[in-house]
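One structure is given here, and the rest of the page talks about it.
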Amino acid sequence: MAVAAVPVVLVARFGPAAGFGGLFGEETRDRSGPALLKSIQDTHRYEAAVGNFQVVVDLEKDAAFLPDAIRGTRTLYVDAGTVSGYVDLGGPGERNVSVNGDRTTASIRLPHAVLGTAALDPNRWYAVSKQRGLLDRIGDLFSDNRAGEQAVQKLAAQHIGEAARDSGLAERAEKNTTAMLEGLLRSLGFREVTLAYG
């Protein structure tokens, strides 16, 4: 009687209703050590604007004298990332800042805004399609294909950086920096504030 009850228990526990996840499921453990602080760098830049970008990367690699069905890859990949525009406020010296005697007028010259490198968001990328030739599929069995993913991500960062340069993000960063400094100096009693870049 007890032997007959064993299959019933197993079906109830691992049967179609529960699936086989409990029997062959995976368990993930984070065995990483604590993050170690390597260095701290002081920055004097004001991050004045951030652009959010999305790009579709269509990367194709062909082999000479072989059809794509045998050797070749094509990946259609959607990636997203951000680029920040900032102004270095640590650069201006006494020659680039002038204040009148009664501290009501100020003139400041700052360096032009600079764009940071594209920061890809790993939570916002996905592969739309991956086409691989027979030899490439066999090769995937023996490698994790990290080089291919790195090539796609490098290309995505390059395209996002180019889009940021054409988007007017640097000009927006300078405009926002001007507004921030004008508001700050006027709150300190300056009635006339002039800012220039270059």
Side-chain angles (χ1 to χ4, degrees), residues 2-63 68-90 114-165 167 169 173:
V3 176
V6 172
V8 175
V9 173
L10 289 177
V11 169
R13 178 66 179 89
F14 303 111
F20 290 98
L23 183 60
F24 300 106
E26 295 181 352
E27 184 177 354
T28 302
R29 292 187 179 92
D30 184 2
R31 300 186 184 276
S32 308
L36 301 178
L37 175 64
K38 302 294 290 185
S39 65
I40 295 178
Q41 294 178 328
D42 293 331
T43 61
H44 303 281
R45 69 188 195 185
Y46 174 64
E47 188 172 296
V50 177
N52 295 285
F53 299 89
Q54 187 177 60
V55 62
V56 178
V57 178
D58 189 349
L59 185 61
E60 184 175 4
K61 293 184 178 181
D62 296 321
D68 293 342
I70 300 298
R71 183 66 187 271
T73 62
R74 183 175 181 182
T75 303
L76 194 62
Y77 177 93
V78 176
D79 207 336
T82 59
V83 177
S84 62
Y86 62 90
V87 176
D88 185 3
L89 301 181
V114 178
L115 298 182
T117 56
L120 301 181
D121 187 348
N123 296 320
R124 295 171 58 195
W125 72 266
Y126 58 92
V128 177
S129 67
K130 291 183 179 180
Q131 301 174 5
R132 300 183 302 279
L134 177 61
L135 296 180
D136 297 283
R137 290 197 297 270
I138 294 174
D140 289 345
L141 297 175
F142 303 97
S143 68
D144 55 6
N145 199 25
R146 289 185 181 178
E149 291 184 2
Q150 290 176 351
V152 172
Q153 291 179 355
K154 182 177 180 180
L155 196 57
Q158 177 184 331
H159 287 311
I160 289 176
E162 292 171 354
R165 287 191 291 272
S167 67
L169 185 62

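Note that these values count all heavy atoms, side chains included, but never hydrogens, waters or copies made by symmetry.
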What pairs of donor and acceptor atoms, side-chain ones from residues 154-161 against any protein atom, are under 3.5 angstrom apart with sequence neighbours left out?
| residue | atom | partner | partner atom | Å |
| --- | --- | --- | --- | --- |
| Q158 | NE2 | E162 | OE2 | 3.4 |

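- Across G116 and V83, no two heavy atoms sit closer than the pair O-CG1, 3.4 Å.
- With sequence neighbours excluded, the residues that form a side-chain contact (heavy atoms from CB on, under 4.5 Å) with A163 are F53.
- Among residue pairs with one or both ends in residues 30-39, those qualifying as side-chain hydrogen bond (donor to acceptor under 3.5 Å, both in side chains) are D30-S32; sequence neighbours excluded.
- A 6.0 Å sphere centred on CD1 of I40 holds no more than 12 heavy atoms belonging to other residues, nucleotides or ligands.
- The nearest pair of heavy atoms linking A48 to A173 is CB-O, 3.2 Å.
- For T117, there are no side-chain contact (heavy atoms from CB on, under 4.5 Å) partners two or more places apart in sequence or in a different chain.
- Residue N52 comes nearest to R124 through the heavy atom pair OD1-NH1, 4.3 Å, listed as atom of the first residue, atom of the second, then distance.
- Residues that satisfy the side-chain contact (heavy atoms from CB on, under 4.5 Å) test with V56, not counting sequence neighbours, are L76, V78.
- With sequence neighbours left out, D58 forms a side-chain hydrogen bond (donor to acceptor under 3.5 Å, both in side chains) with R74.
- By the side-chain hydrogen bond (donor to acceptor under 3.5 Å, both in side chains) test, Y86 pairs with R45, sequence neighbours left out.
- The shortest non-hydrogen separation linking D79 to D121 is OD1-O, 4.1 Å.
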